[in-house]
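Below is one structure, written out as structure tokens, with a few remarks after it.
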Amino acid sequence: MTFFSRALLLFITGIVQIFFAAHLLFNWTILDLPSDLMRIPGILVLLTSAVLTIDYYFGNKNNRVALYDEYIADRYYKLGAAGYAVTGIGIFILYSTQDYSTWSFEAANEFIYDLAAFLWLVFGSLIVIFSYGDYRESVDG
């Protein structure tokens, strides 16, 4: 695996996450959601994780040293910290904007979808940002 192939794999995974999140958050009518199609982002994340894990353990040792060095880990940790902060603020806002006086199963279900969509949006955005860093590594390095 190279920086470019990892960037491409992560970018596709992140864009799919963002698309499904935006679809749910903004009530787009492109797809009929919620449906079984909502499994696609999760399956894609699992497959991407499996490919990256297999590459790490069984891939070319020289590429592994370059692809998984301290600089990459530092970028990953910084994005993770930013993701936790954005997630915490977003969940606080989602919880605080609920009207609990008219709470029903439908409202709870809608809230769960909004919460899941928001988390997908944050996670997908972080993946895309990370993939951009890999793309820059492939162009610069």
Side-chain angles (χ1 to χ4, degrees), residues 1-61 63-141:
M1 179 162 297
T2 64
F3 278 110
F4 183 75
S5 60
R6 184 170 74 177
L8 187 62
L9 186 64
L10 291 173
F11 181 77
I12 291 168
T13 301
I15 288 298
V16 169
Q17 291 274 337
I18 291 170
F19 171 76
F20 274 82
H23 198 291
L24 287 174
L25 284 174
F26 304 121
N27 296 319
W28 292 348
T29 57
I30 299 168
L31 300 173
D32 185 26
L33 294 180
S35 70
D36 287 342
L37 293 174
M38 290 174 65
R39 296 178 186 180
I40 292 172
I43 291 170
L44 197 55
V45 166
L46 290 175
L47 288 175
T48 300
S49 298
V51 167
L52 292 175
T53 302
I54 290 168
D55 178 63
Y56 180 77
Y57 286 107
F58 301 112
N60 185 334
K61 194 172 195 172
N63 284 350
R64 181 174 54 211
V65 170
L67 283 169
Y68 303 99
D69 64 358
E70 292 85 17
Y71 172 73
I72 302 300
D74 186 48
R75 183 165 39 108
Y76 175 79
Y77 294 135
K78 286 179 182 176
L79 281 173
Y84 278 120
V86 169
T87 300
I89 292 168
I91 289 174
F92 172 76
I93 291 170
L94 281 172
Y95 272 107
S96 63
T97 58
Q98 296 299 308
D99 181 14
Y100 294 106
S101 64
T102 60
W103 198 249
S104 65
F105 284 118
E106 291 80 20
N109 196 31
E110 185 177 329
F111 173 70
I112 290 170
Y113 280 132
D114 287 345
L115 186 61
F118 173 73
L119 295 174
W120 277 0
L121 184 65
V122 171
F123 185 59
S125 299
L126 292 174
I127 291 173
V128 168
I129 293 168
F130 189 86
S131 73
Y132 177 70
D134 275 357
Y135 174 74
R136 285 187 45 209
E137 287 285 328
S138 72
V139 172
D140 296 340

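Positions are given from 1 along the sequence. The shown structure was predicted, so the numbers you read here are calculated from the model rather than taken from an experiment.
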Item checked: Qualifying ring-ring contact (aromatic ring centres under 6.0 Å, His included) pairs with a residue from residues 118-139, counting only residues at least two apart or across chains ->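 Non-adjacent pairs meeting ring-ring contact (aromatic ring centres under 6.0 Å, His included): zero.
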
Margin query: I need the full list of salt bridge (charged side-chain N to carboxylate O under 4.0 Å, His left out) pairs touching residues 84-93, with sequence neighbours left out, sorted by first then second residue.
Written below: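 Passing the test, one end in residues 84-93: no pairs.
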
Item checked: Parallel, tilted or perpendicular, as decided by the 30° and 60° cut-offs, for the rings of Y100 and W103 ->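 Judged by the thresholds at 30° and 60°, the geometry between W103 and Y100 is tilted.
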
Next item on the list: Enumerate the residue pairs fulfilling side-chain hydrogen bond (donor to acceptor under 3.5 Å, both in side chains) with a member in residues 87-99, sequence neighbours excluded, ordered by first and then second residue.
Entry: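 Non-adjacent pairs meeting side-chain hydrogen bond (donor to acceptor under 3.5 Å, both in side chains): D99-S101, D99-T102.
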
Next item on the list: Mind checking side chain to side chain donor-acceptor pair (under 3.5 Å) for S125 and listing every partner two or more places apart, or none if nothing turns up?
Entry: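 Listed in chain order: nothing, the list is empty.
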
Next item on the list: Give a yes or no on whether the backbone of L9 and the side-chain of T13 come within a donor-acceptor separation of less than 3.5 Å.
Entry: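 Checked: pair present.
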
[atom1]/[X] to [atom2]/[Y] distance, rounded to the nearest 0.5 angstrom?
X: S104; Y: E110; atom1: OG; atom2: CD; value: 9.0 Å
X: I93; Y: I89; atom1: CD1; atom2: CD1; value: 7.0 Å
X: L121; Y: H23; atom1: CG; atom2: NE2; value: 14.5 Å
X: I40; Y: L31; atom1: CD1; atom2: CG; value: 7.5 Å

Does a side-chain heavy-atom distance below 4.5 Å link [X] with [Y]?
X: Y76; Y: Y71; result: no
X: I72; Y: L67; result: no
X: S5; Y: L8; result: no
X: L25; Y: Y113; result: no

Item checked: Test side chain to side chain contact (heavy atoms under 4.5 Å, CB included) applied to F11 and V16, V128, I127, the passing residue ->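 Passing option: V128.
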
Between [X] and [Y], what is the shortest heavy-atom contact and its length?
X: I12; Y: L44; value: O-CD2, 4.1 Å
X: A117; Y: A21; value: O-CB, 3.1 Å
X: L10; Y: S131; value: CB-CB, 3.7 Å

Next item on the list: Only counting residues at least two apart or in another chain, list the ones meeting salt bridge (Lys or Arg N to Asp or Glu O under 4.0 Å) with D134.
Entry: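 Partners of D134 by the salt bridge (Lys or Arg N to Asp or Glu O under 4.0 Å) criterion, ordered by chain and then number, come out as R6, R75.
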
For residues 49-60, which side-chain N or O atoms pair as donor and acceptor with protein atoms under 3.5 Å away, sequence neighbours left out?
{"residue": "S49", "atom": "OG", "partner": "V45", "partner atom": "O", "Å": "2.9"}
{"residue": "T53", "atom": "OG1", "partner": "S49", "partner atom": "O", "Å": "2.7"}
{"residue": "N60", "atom": "OD1", "partner": "N62", "partner atom": "N", "Å": "2.9"}

Next item on the list: Please lay out, stage by stage, how L24 and M38 fare under the test side chain to side chain contact (heavy atoms under 4.5 Å, CB included).
Entry: CA-CA 10 Å; L24 287 174; M38 290 174 65; 3.6 Å; yes

